[in-house]
There are 2 protein chains.
Amino acid sequence: MTYTYRHPRPSVTTDVLVFSIRERRLHVLLIQRGVDPFAGQWAIPGGFLRMDEDLADCAARELKEETGLDELAGLPLTQFRTYGAVDRDPRGRVISVAFLTLVPSDHLTVRGMSDASAAAWFAFDTLPPLAFDHAQILEDGRAHLADLVNPSISDSASVVFDLLPEAFSLSDAQNVFEILRGEALDKRNFRKWFDATWPLVETGETTTGPGRPAALYRRDTTGRD
Amino acid sequence: MTYTYRHPRPSVTTDVLVFSIRERRLHVLLIQRGVDPFAGQWAIPGGFLRMDEDLADCAARELKEETGLDELAGLPLTQFRTYGAVDRDPRGRVISVAFLTLVPSDHLTVRGMSDASAAAWFAFDTLPPLAFDHAQILEDGRAHLADLVNPSISDSASVVFDLLPEAFSLSDAQNVFEILRGEALDKRNFRKWFDATWPLVETGETTTGPGRPAALYRRDTTGRD
DNA sequence: TCAAAATTGTGTATATATTACACTATAATG
DNA sequence: CATTATAGTGTAATATATACACAATTTTGA
C-alpha cells in the first residue's frame with residue numbers, strides 16, 4: 001500500500017519529554033534506538049503521527065509503545081515547541097511536535113519495546129549523546145519545565161503535588177521545587193510561601209530516619225486547586 | 001509530478017498572526033480566501049511548507065506572497081503553538097505551526113495576492129467569521145501577545161519600541177502597552193515604571209493638537225537593550 | 001476673548017511580596 | 001553520650017505594586 005500526493009509532504013512526529021524525580025535528581029526518560037538512523041543511540045521517545053489521531057494522542061501512544069509508560073491518564077502532556085529544521089533528520093524532512101510531562105517516581109517501571117531496544121531514566125545532568133536535534137529539544141523542554149513551576153510566571157505550579165505522595169514533609173515539597181526549578185530555595189521563605197499558597201493539614205504522622213522527624217502534611221482540599 | 005510514500009502523511013502549513021496598532025486599537029492582518037474550502041471567508045495568512053525551507057522561512061514567505069508584507073526583516077516571528085486536530089481542515093489532515101509578530105503601523109500597505117483574493121487589517125474586537133479553526137488560533141495568539149509584553153512574565157517587553165516612532169510621548173508609550181495588554185494602566189505608575197525600566201532622553205520637541213503638548217522622548221541608547 | 005474641553009504632568013502613602021539571615025529541637029548513629 | 005543529620009522557627013529590610021487628585025498648557029468654539 002502506498003500513498004501518492006501531488007506535492008511532497010514532510011513526515012510529522014511527536015516527541016515526549018517525560019521528566020521525573022529519582023533519588024532527588026531530575027531524570028528524563030530516554031529510549032535507545034533499535035534501528036537506523038542513530039541505531040544504538042539514545043533519543044527522546046516519540047514517533048510518527050497517524051492520520052486519525054490528535055497530536056497529544058500520538059505522543060501518548062508512542063510513549064506507551066516505546067517505554068510501557070501508560071499511567072499518563074490524568075497527567076497532562078504539555079505542548080511546548082515544534083521543530084522543523086530542514087536537515088534535522090537524515091531520513092528526510094521531519095517536523096516534530098514536542099511535548100513534556102512530569103510523572104511521579106511510582107509508576108516508573110519502563111521497558112524497551114517495539115523499535116526502541118531499551119528505555120531508561122537518565123539524570124538530567126549526565127545525559128548521554130543524543131540522536132537528531134534531541135539535545136536541543138531537551139534543553140528547551142528543561143527551560144519550559146522550570147518556568148512551569150515558577151509561580152511568578154506560570155500559576156500552574158500545583159503540578160508538583162502530582163510528584164509528591166499523599167502525605168509529605170515540607171522538606172519533600174521544597175526538594176521537589178528546588179529540583180524542578182534548578183535552584184536552591186531558602187527554607188523559611190519557602191515554608192512561608194508554600195503554606196500560604198496551598199493550605200495544608202498536618203496528618204499527625206512523622207518521618208523516621210536520621211535527624212529530627214519531619215511532620216507530614218496533606219493538602220487541605222476543603223478549598224479549590 | 002507526484003510523490004509517493006509508504007505511509008500516509010499529513011500536510012504541514014504555517015500560519016502567521018500579524019498584529020499591529022492602528023487608530024489606537026489592536027488590529028490583525030487577515031486574508032480573504034480566494035479558493036475553496038472557505039472561499040470568500042477570512043483567514044489567517046499562511047500556507048504549505050516547502051521541503052527546503054525552515055518553518056519560520058515558510059511563514060515569512062507565505063506572508064509576503066499573500067499580503068505583500070515584506071518588511072519582516074528584523075521583526076521576529078515567534079512560534080507559539082501547533083495545531084493538529086484531525087478534522088481541522090476539510091481537505092485532509094493538516095498540521096499548522098502558528099507564529100505571531102508585531103509590526104509598526106508604517107509598513108502596512110497590504111495587497112491581496114496569489115490565492116488570497118484580498119488582505120486587510122481588522123480590529124481585533126470586531127473580527128469577521130473565520131475559516132478553519134482560525135478563531136481559536138487567534139484567541140491563543142492574542143493571549144500569547146499579552147504575555148509577551150507583560151514584564152512580570154516575559155522580559156521581552158521592549159518589543160514595544162518597534163511599534164513606537166523614534167520620538168514618542170509617554171502617553172504614546174502607555175497607549176501601546178494598554179492596547180497590547182488589553183487593560184488600562186495607571187498613568188503615574190506607568191510613567192514611574194517605564195522611565196525606570198528604559199532610560200529616556202527628552203528630545204526637546206513637543207506634540208501639537210488638542211490639549212497640553214506632550215514632551216517627546218527617545219530611548220537612551222547609551223546603555224543596553 | 002474667554003469659557004470649555006482636552007490632554008499632559010506630577011508625588012506620596014499604603015499594601016504586598018521578596019529577600020536575607022542563625023539558632024534551637026529532635027532523632028539516629030557509633 | 002558525643003556527633004551527625006535533619007526539622008523547625010521569626011523578624012527586619014528592601015523592593016515592588018497599587019491607589020489616588022489636582023494643576024498646567026494648549027486647542028476649540030461660542
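Quick caveat, the model's predicted, so the values are computed rather than measured. To find a chain, count down the sequence lines: A is the first, B the second, and so on, and within it residues start at 1.
Toward the 5′ end of DNA chain D lies the nearest nucleotide of Ser152(B), the other residue of the pair Ser152(B) and Pro210(B) mapping further downstream. Comparing Ser169(B) and Asp186(B) against DNA chain C, the residue whose closest nucleotide sits nearer the 5' end is Ser169(B). Comparing Lys192(B) and Trp193(A) by the nucleotide of DNA chain C that holds the closest heavy atom to each, the one mapping nearer the 5' end is Lys192(B).
Partners of Glu166(B) by salt bridge (charged side-chain N to carboxylate O under 4.0 Å, His left out), not counting sequence neighbours, listed by chain and number: Arg218(B). Evaluation of the salt bridge (charged side-chain N to carboxylate O under 4.0 Å, His left out) rule for Asp89(A) yields Arg91(A) as partners, not counting sequence neighbours.
A ring-centre distance under 6.0 Å is found for Phe190(A) and Phe177(A).
Bracketed by its first and final contacts, the part of DNA chain D lying under 4.0 Å from non-hydrogen atoms of chain B reaches from dT18(D) to dT27(D) in 5' to 3' order. When DNA chain C is scanned in the 5' to 3' direction for atoms under 4.0 Å from non-hydrogen atoms of chain B, the outermost contacting nucleotides are dA6(C) to dT12(C).
Looking at Glu23(B) and Arg25(B), no side-chain N of the basic residue comes within less than 4.0 Å of a carboxylate O on the acidic one, giving no salt bridge.
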Residues 201-215 of chain B side chain polar contacts: donor-acceptor under 3.5 Å, at least two apart:
from: Thr203(B); atom 1: OG1; to: Glu205(B); atom 2: N; distance (Å): 3.1
from: Thr203(B); atom 1: OG1; to: Leu216(B); atom 2: O; distance (Å): 3.2
from: Thr207(B); atom 1: OG1; to: Ala214(B); atom 2: N; distance (Å): 2.8

Less than 3.5 Å apart, which donor and acceptor atoms pair up between the side chains of residues 136-148 of chain B and the rest of the protein, not counting sequence neighbours?
from: Gln136(B); atom 1: NE2; to: Asp140(B); atom 2: OD1; distance (Å): 2.9
from: Asp140(B); atom 1: OD2; to: Tyr83(B); atom 2: OH; distance (Å): 2.5
from: Arg142(B); atom 1: NH1; to: Leu180(B); atom 2: O; distance (Å): 2.8
from: Arg142(B); atom 1: NH2; to: Ile179(B); atom 2: O; distance (Å): 3.1
from: Arg142(B); atom 1: NH2; to: Leu180(B); atom 2: O; distance (Å): 3.0

Mind running side chain to side chain donor-acceptor pair (under 3.5 Å) on Ser169(A) and Ser171(A) for me, showing each step along the way? CA-CA 5 Å; Ser169(A) 71; Ser171(A) 297; 4.6 Å; no
Item to complete: Before giving the answer on side chain to side chain contact (heavy atoms under 4.5 Å, CB included), spell out for Thr14(B) and Phe99(B) the whole-Å C-alpha distance, their side-chain angles and the decisive distance to 0.1 Å.
Response: CA-CA 7 Å; Thr14(B) 58; Phe99(B) 292 80; 4.0 Å; yes
